[in-house]
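Note that this is a predicted model, so its numbers are computed, not measured. In what follows, chains are A, B, ... by sequence order, proteins preceding strands, each numbered from 1.
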Protein chains: 2
Amino acid sequence: MQTFEQLLKQFEESFSNKHFPETPSTLYDPAQYILSLGGKRIRPVCVLLGNELFDTINPDSFHAATAVELFHNFSLIHDDIMDKAPLRRGMQTVHAKYGEPTALLAGDVMFVQAYIYLSKMKPEALQKVLPLFNKTAREVCEGQQLDMDFEAKEQVSFDEYLHMITLKTSVLLAGSLQLGAILGGATLGNQQYLYEFGKNLGIAFQIQDDYLDAFGDPAKFGKQVGGDILANKKTFLLIHALETANATQKQQLTELLKTNPADKVERVLSVFKEVAVDEWAMQLKNGYLEKAMKHLDDIAVISKRKEPLKELAQFLMKREY
Amino acid sequence: MQTFEQLLKQFEESFSNKHFPETPSTLYDPAQYILSLGGKRIRPVCVLLGNELFDTINPDSFHAATAVELFHNFSLIHDDIMDKAPLRRGMQTVHAKYGEPTALLAGDVMFVQAYIYLSKMKPEALQKVLPLFNKTAREVCEGQQLDMDFEAKEQVSFDEYLHMITLKTSVLLAGSLQLGAILGGATLGNQQYLYEFGKNLGIAFQIQDDYLDAFGDPAKFGKQVGGDILANKKTFLLIHALETANATQKQQLTELLKTNPADKVERVLSVFKEVAVDEWAMQLKNGYLEKAMKHLDDIAVISKRKEPLKELAQFLMKREY
């Protein structure tokens with residue numbers, strides 16, 4: 001059995017191979033470019049973690065893990081086009097560097113490449129894994145669409161946002177763990193507990209992400225603090241603040257959303273603190289984290305095997321930046 | 001055994017089912033929209049034709065055929081975005097109607113849906129079919145990239161154009177036939193003959209398409225005659241004309257490409273006729289058609305079974321409009 005760090009290292013080594021043919025380089029260089037920007041590789045490691053929770057690593061898990069990471073990068077390329085984002089990991093996005101048509105197509109071909117890796121699996125494994133991979137891919141698309149829909153919507157409820165964020169970010173974490181569990185020979189019950197662990201962990205992570213964007217330490221936080229506030233992004237924080245604010249506070253927030261004063265971040269944060277949205281968010285995060293750990297407890301394997309998954313949870317939750 | 005028309009009808013019936021969930025309708029309505037615009041459904045019928053050349057229809061062939069048609073529509077949505085095309089089959093393109101971000105995502109989810117149909121196949125069939133489906137999908141992406149690259153290129157050779165058009169349009173026809181052949185239990189040799197039949201037929205069809213755009217009967221041709229000429233599109237005709245023209249003719253063509261006189265189509269056509277590009281194109285088309293029929297001859301099944309494939313060739317080649 002290996003630690004989270006060991007599995008991460010193993011995946012990084014296998015993933016550093018070239019994933020595309022040489023030509024046409026006008027298509028494959030842009031695809032390889034985004035992979036060269038790095039990333040935490042959390043999702044593919046989840047496949048390996050899910051596998052090793054139940055049994056030694058099945059070589060097919062590396063194919064599934066690679067497919068998951070390629071799928072994730074495909075979705076990043078396309079999301080960046082849709083969001084007109086200029087930067088990704090501090091570097092130019094694919095469409096900013098190569099133009100939108102090529103970025104669109106580089107995303108498409110990366111998605112095909114994910115399925116090429118899946119097709120290398122043994123037939124029995126492929127048949128078990130493909131429906132879950134497809135379902136997850138479809139849900140990620142749905143999540144992105146809902147995210148875009150919400151931008152244009154006046155009001156978004158907590159439940160709507162939770163549903164969107166679950167589809168957009170949590171199901172891929174949960175699905176990756178379950179893919180590994182399937183390949184490790186887990187029972188359906190254990191697969192489902194592991195899926196729920198991943199789903200709740202993903203939500204806790206997203207709440208933390210929203211929190212840090214507003215209340216993170218600017219010195220440690222990689223991006224601009226208050227970026228979500230400046231972009232009027234409907235986050236867990238803003239949605240809850242609007243739902244619990246009194247009439248005056250609500251009017252202040254609504255005014256601030258419509259205008260862009262120089263001290264917008266400061267003033268929104270001040271309302272957030274008045275309605276104690278920071279404490280609420282920390283409690284909410286801890287609630288989802290507890291739920292996740294409860295599902296992990298329920299999995300019928302000896303607790304020693306669960307250590308790497310606890311390391312995963314710590315890794316995702318220790319970010320203060 | 002069924003005729004081409006019967007198989008087409010069968011596919012149309014099975015394909016008229018809904019292919020997507022209800023919600024989010026902001027994502028799935030645009031996806032369903034392009035399917036409602038119709039289309040010739042040639043490629044999925046090729047799967048059924050390829051199957052029935054060797055054996056009675058395997059129910060998995062309907063899954064493969066549906067996957068092929070969804071893949072084709074996915075590529076149309078994305079190509080239309082890249083080409084900034086306002087119309088498709090006389091109606092608004094998906095991005096013109098719903099915006100680019102949603103069209104991009106509707107294409108993505110249609111692509112996932114193609115794999116959802118493939119995942120319904122029996123495991124042994126899936127394992128045989130998936131690598132070919134993936135390879136074909138990758139080649140179609142490569143073809144589209146080369147097409148975009150060529151737009152920006154000063155000079156494109158006949159061989160380069162042939163390679164691009166083979167990837168962009170012929171491999172899906174050829175691959176669809178082979179998918180069916182696999183599901184019909186064909187030997188590898190017979191699969192390859194059938195693939196080559198489809199590939200050469202596809203090239204013949206494209207030459208005819210280029211020809212009709214320039215020399216078609218405006219009364220019968222669905223779109224504007226001379227559209228390729230007005231768009232300076234590098235077609236079989238233009239490439240050959242530039243390669244065989246004398247110095248004066250070449251200069252005339254180069255001038256016409258740089259400018260947009262009111263009688264541009266007429267004048268380009270006049271040079272085309274001077275260098276007999278029309279006759280050349282007809283000969284070229286017939287050459288590829290003969291090659292296709294030769295490969296069909298080579299397939300080791302009784303000739304009666306090949307009738308529906310001859311009907312397919314006739315159907316594709318009878319277009320005068």
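- In this structure, B/Lys135 places its NZ atom where more than 12 heavy-atom neighbours from other residues, nucleotides or ligands lie under 6.0 Å away.
- Atom SG of B/Cys141 and atom CE of A/Met110 lie 11.5 Å apart (nearest 0.5 Å).
- When each of A/Asp108, A/Val140, A/Val109 is scored by its heavy-atom pairs under 4.5 Å with chain B, the top score falls to A/Asp108.
- In this structure, chain A has a heavy atom under 4.5 Å from the side chain of B/Gln113, while its backbone stays farther away.
- With a 4.5 angstrom heavy-atom cutoff, A/Gln144 touches chain B via backbone and side-chain atoms both.
- For A/Lys84, the NZ atom counts as loosely surrounded, since its 6.0 Å shell holds 12 or fewer non-hydrogen atoms of other residues, nucleotides or ligands.
- The shortest distance between side-chain heavy atoms of B/Met82 and A/Leu105 falls below 4.5 Å.
- In this structure, A/Leu126 and B/Gln127 approach most closely via the heavy-atom pair CD2-CA, 4.4 Å.
- The residue among B/Ile116, B/Asp79, B/Ile81 with the most heavy atom pairs within less than 4.5 Å of chain A is B/Ile116.
- Taking 4.5 Å as the limit, some side-chain heavy atom of A/Tyr28 sits within range of a side-chain heavy atom of B/Glu142.
- Nearest approach of A/Val112 to B/Asn134, heavy atoms of both residues: CG1-O, 3.4 Å.
- Heavy atoms closer than 4.5 Å to chain A are found in the side chain of B/Asp149, but not in its backbone.
- Looking at B/Thr23, the atoms closer than 4.5 Å to chain A (heavy atoms on both sides) all sit in the backbone: N, CA, C or O.
- With a 4.5 Å cut-off on side-chain heavy atoms, B/Pro21 and A/Arg138 count as touching.
- Counting heavy-atom pairs under 4.5 Å between each of B/Leu130, B/Asp83, B/Leu27 and chain A puts B/Leu27 at the top.
- A heavy-atom distance below 4.5 Å is not found between the side chains of B/Leu118 and A/Tyr115.
- For B/Leu146, the part lying under 4.5 angstrom from a heavy atom of chain A is the side chain only.
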